[in-house]
Amino acid sequence: MNHWQYLTILAACLVITLPLEFGIGARVYRSGRRLVLALIPMFVVFVAWDLLGILRGHWWYSQRFISGVHLGPMPLEEILFLIVIPICGLLTYEAVGRILMLARTPGRLRYRWPDGLVRVADQNHPHPGERPEGRSTNGGEHA
């Protein structure tokens with residue numbers, strides 16, 4: 001189990017944040033192009049940072065906790081970390097934004113596949129400023 005610890009933690013991060021995509025409707029995975037464009041600059045910078053740290057001997061990875069698969073001097077787990085953790089962060093950020101938007105939007109809260117949580121207009125109780133169906137603004141007389 002020890003050799004799989006790092007990968008297990010990364011998998012748990014993805015599993016724990018997955019409901020944010022499909023339950024709340026964060027739409028991170030469904031916006032693949034935007035996701036990749038958001039990840040590339042961070043990935044490039046932090047791979048360079050890690051490589052520099054590893055090559056200069058500033059840090060290392062205990063063989064006890066990693067799979068042993070390396071891409072150059074970097075363990076596979078570190079490369080996956082630089083992808084998984086930002087995705088989890090983006091999922092959390094988008095989910096919080098969606099929840100705040102839903103909190104400010106009138107209507108009943110419903111779950112709708114594949115959109116996640118949505119607000120739908122309540123037909124029995126119109127929102128302030130809306131006219132009930134069949135009523136005109138000129139005192140009830142139809143023009």
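- Proximity of Val118 to Arg98: side-chain heavy atoms (C-beta onward) are separated by under 4.5 Å at one or more points.
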Assess whether side chain to side chain contact (heavy atoms under 4.5 Å, CB included) is satisfied between Ile54 and Tyr61, documenting all intermediate values. CA-CA 9 Å; Ile54 292 167; Tyr61 302 92; 3.5 Å; yes

Side chain to side chain contact (heavy atoms under 4.5 Å, CB included) between His70 and Leu76, intermediate numbers included: CA-CA 5 Å; His70 286 75; Leu76 172 66; over 6 Å; no

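- A 4.5 Å side-chain heavy-atom check between Leu82 and Ile79 finds every atom pair outside the cut-off.
- Between Leu80 and Tyr6 the shortest side-chain heavy-atom distance does not fall below 4.5 Å.
- Leu91 and Tyr93 fall into different hydrophobic clusters, where Ile, Leu, Val, Met, Phe, Trp and Tyr are joined by side-chain heavy atoms under 4.5 Å apart, directly or via other members.
- Two residues are said to be in side-chain contact when any heavy atoms from C-beta on lie closer than 4.5 Å; His3 and Ser67 fail this criterion.
- A ring-centre distance under 6.0 Å is not found for Phe65 and Trp4.
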Can you check side chain to side chain contact (heavy atoms under 4.5 Å, CB included) on Ile85 and Leu10, steps first, answer last? CA-CA 8 Å; Ile85 298 306; Leu10 293 175; 4.3 Å; yes

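- For Tyr111, the OH atom counts as densely surrounded, since its 6.0 Å shell holds more than 12 non-hydrogen atoms of other residues, nucleotides or ligands.
- The closest side-chain heavy-atom distance from Ile87 to Tyr29 is below 4.5 Å.
- Closest non-hydrogen pair, Val47 versus Met74, comes out as CG1-SD, 4.0 Å.
- Salt-bridge check for Glu21 with Arg30: passed, with a basic side-chain N closer than 4.0 Å to an acidic carboxylate O.
- When the side chains of ILVMFWY residues are joined at heavy-atom separations under 4.5 Å, either directly or via intervening members, Leu90 and Leu100 end up in two distinct hydrophobic clusters.
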